[in-house]
Number of protein chains: 2
Amino acid sequence: MADGSTLPEQNREPALTIAQVAERTGLSPDTLRYYERAGLIDRVGRTTGNQRRYAAADLAWLEFLLRLRETGMSITDMQHFARLRADGAATVPDRLAMLRAHRSSLAERIRSLRRNATALDAKIDHYEQLLTEQPETDTPA
Amino acid sequence: MADGSTLPEQNREPALTIAQVAERTGLSPDTLRYYERAGLIDRVGRTTGNQRRYAAADLAWLEFLLRLRETGMSITDMQHFARLRADGAATVPDRLAMLRAHRSSLAERIRSLRRNATALDAKIDHYEQLLTEQPETDTPA
DNA sequence: GCTTGACTTGGAGCACACTCCAAGTTCTAC
DNA sequence: GTAGAACTTGGAGTGTGCTCCAAGTCAAGC
């Protein structure tokens, strides 16, 4: 086969190598393999030579996982979600419940960060005053 | 001495035990000792029998550290800040610079979380539609 | 067809931030 | 003054999420 990608059958999809997916997602190839081993992503397609080739759907799922990760979901919870997804449409209510719970904990997280940001601003103001009012004076912090 | 706390000299300050500080801060006694060993907090006062007694100022500093931690500052960076603080008023500009940098990365963090929250909302809407439009139908997720 | 670089696997190792442990000491209440 | 809880230390162990490694296989260009 002089055909660039040697997938067993069908599809003219992108079929990216692991290095290409790594570059697009910011994950390392090792992390991508780790996610697959951990069951976060289904076993992706392979070439006849057993090398991974990622389809567009794999990319989309990875991007969703990254969103969950960036918003603080643990690998364990993502594994749970992935398992539900693999179990098909019947688990939609469970998945919805998980997402709603995660969404609300994210809202709380954001509120907490904003409170802390305000307190940090006050601390910064304090330091700025130390600096402008009495530069080079040995007052305790 | 029938005097509850047996600090070497002076002060009628609160002087809390490690267990009391643990309860107030939510940190474990082990974590408090770890923070002290790590140089995040100055060596706190001891009784004649070598047990820790925390003063109000120790509490205030701990609360500030917790704010830094909750907003994602690493132990290493907090060690750096603590060292600057121990070095006195001359390091105020450095400390201010650290706080400003941290404040701005926090702002970016919050923006990113809000973007992700919006994307999650869209995903949740999608799942809700799956549920209301075609309940009990085997459509792929 | 051969080289060079990318890929494969299972498993070991790592950084971070704690958390636990053992053996001994101190504190508090009675 | 004594029992029992709380404390002390140094050091080992843990969970999470990767990250690296060795030894071998595959892919792409010349």
Side-chain angles (χ1 to χ4, degrees), chain A residues 1-8 14-55 58 62 65-82 102, chain B residues 1-8 14-41 43-55 58 62 65-82:
Chain A
M1 294 189 191
D3 162 21
S5 81
T6 21
L7 278 170
L16 303 164
T17 66
I18 197 165
Q20 290 169 325
V21 174
E23 191 176 358
R24 270 162 190 66
T25 60
L27 297 169
S28 70
D30 270 322
T31 300
L32 285 168
R33 284 186 283 254
Y34 164 68
Y35 279 9
E36 191 174 329
R37 270 194 270 184
L40 291 187
I41 46 191
D42 304 333
R43 184 176 166 82
V44 315
R46 310 286 158 131
T47 62
T48 49
N50 198 35
Q51 294 193 359
R52 290 171 180 80
R53 288 298 180 271
Y54 292 77
D58 296 323
L62 265 172
L65 280 182
L66 284 185
R67 209 180 292 293
L68 294 180
R69 185 188 73 161
E70 278 162 25
T71 51
M73 187 180 283
S74 67
I75 296 277
T76 304
D77 285 355
M78 290 193 284
Q79 284 171 332
H80 185 195
F81 193 94
H102 184 62
Chain B
M1 294 188 191
D3 162 20
S5 81
T6 22
L7 279 170
L16 303 165
T17 65
I18 196 165
Q20 290 169 325
V21 174
E23 191 176 357
R24 271 164 190 66
T25 60
L27 297 169
S28 70
D30 270 322
T31 300
L32 285 167
R33 284 186 282 255
Y34 164 68
Y35 278 9
E36 191 174 329
R37 271 195 268 183
L40 291 187
I41 47 191
R43 184 177 165 81
V44 316
R46 309 286 159 130
T47 63
T48 49
N50 198 35
Q51 294 192 1
R52 290 170 179 79
R53 289 297 180 272
Y54 292 77
D58 296 323
L62 265 172
L65 281 182
L66 284 185
R67 208 180 294 294
L68 295 180
R69 187 189 71 162
E70 278 162 26
T71 51
M73 187 180 283
S74 68
I75 296 276
T76 304
D77 284 355
M78 290 193 283
Q79 283 171 331
H80 185 195
F81 194 93

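So you know, we letter chains A, B, ... as the sequences are listed, proteins then strands, and number each from 1. Here the structure is a predicted model, which is why all the values come from computation and not from measurement.
- Comparing A/R37 and B/L27 by the nucleotide of DNA chain C whose heavy atom lies nearest to each, the residue mapping closer to the 5' end is A/R37.
- Phosphate proximity of D/dC26 to A/T47: absent, as no side-chain N or O sits under 4.0 Å from OP1 or OP2.
- Distance alone, capped at 3.5 Å, is enough to place a donor-acceptor pair between the B/T71 side chain and the B/R67 backbone.
- Look at B/T31 and you'll find a side-chain N or O under 4.0 angstrom from OP1 or OP2 of C/dT19.
- If you take CD of A/E23 and C1' of C/dA6, they are 14 Å apart, rounded to a whole angstrom.
- Atom pair B/I41:CD1 and C/dA17:P shows a separation of 15 Å (rounding to whole Å applied).
- The CG atom of A/L66 lies 4.5 Å from the CG atom of A/L27; values are rounded to the nearest 0.5 Å.
- Between A/L66 atom CG and D/dG17 atom P the separation is 14 Å, expressed in whole Å.
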Starting from the C-alpha separation in whole Å, work towards a yes-or-no answer on side-chain contact (heavy atoms from CB on, under 4.5 Å) for B/R53 and B/L16.
CA-CA 5 Å; B/R53 289 297 180 272; B/L16 303 165; over 6 Å; no
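- Residues of residues 71-80 of chain A having a heavy atom closer than 4.0 Å to DNA chain D, listed by number: A/S74, A/I75.
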Pair A/V44-A/I18, side-chain contact (heavy atoms from CB on, under 4.5 Å): steps then yes or no:
CA-CA 10 Å; A/V44 315; A/I18 197 165; over 6 Å; no
Does the side-chain contact (heavy atoms from CB on, under 4.5 Å) test come out yes or no for B/R69 and B/Y35, once each step is laid out?
CA-CA 12 Å; B/R69 187 189 71 162; B/Y35 278 9; 3.4 Å; yes
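- Contact check, B/R52 against D/dC7: no side-chain N or O comes under 4.0 Å of OP1 or OP2.
- If you take CD of B/E36 and C1' of C/dC18, they are 16 Å apart, rounded to a whole angstrom.
- Here OG of A/S28 is found 8.0 Å from CZ of A/R33. Values are rounded to the nearest 0.5 Å.
- Atom CD in B/Q20 sits roughly 13 Å away from atom C1' in C/dT28 (whole-Å rounding).
- In this structure, OH of B/Y35 is placed 18 Å from P of D/dT9, rounded to the nearest angstrom.
- We find that CG of B/L32 is positioned 13 Å from P of D/dT9, with the value rounded to whole Å.
- Considering only the side chain of B/R69, C/dC18 comes nearest among C/dC18, D/dT9, C/dC7.
- Atom-to-atom, CD of A/Q51 to C1' of C/dT8 comes out at 7 Å; the value is rounded to the nearest Å.
- Shown here is B/E23, whose CD atom has no more than 12 heavy atoms of other residues, nucleotides or ligands within 6.0 Å.
- Taking side-chain N and O atoms only, A/Y34 has no distance below 4.0 Å to OP1 or OP2 of D/dC20.
- Within the 4.0 Å cut-off from OP1 or OP2 of D/dT9, at least one side-chain nitrogen or oxygen of B/R46 is found.
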Please report the C-alpha distance between A/R52 and A/R43 in whole Å, then the side-chain angles of each, then the deciding distance to 0.1 Å, and finally whether the side-chain contact (heavy atoms from CB on, under 4.5 Å) criterion is met.
CA-CA 9 Å; A/R52 290 171 180 80; A/R43 184 176 166 82; 6.0 Å; no
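- Each of B/N50 and A/D30 was matched to the nucleotide of DNA chain C holding its nearest heavy atom; the match closer to the 5' end belongs to A/D30.
- Closest to the B/R43 side chain, of the nucleotides C/dT9, D/dC26, D/dT9, is D/dT9.
- Distances were taken from every side-chain heavy atom of B/R33 (C-beta onward) to each of D/dT9, C/dC18, D/dC18; the shortest belongs to D/dT9.
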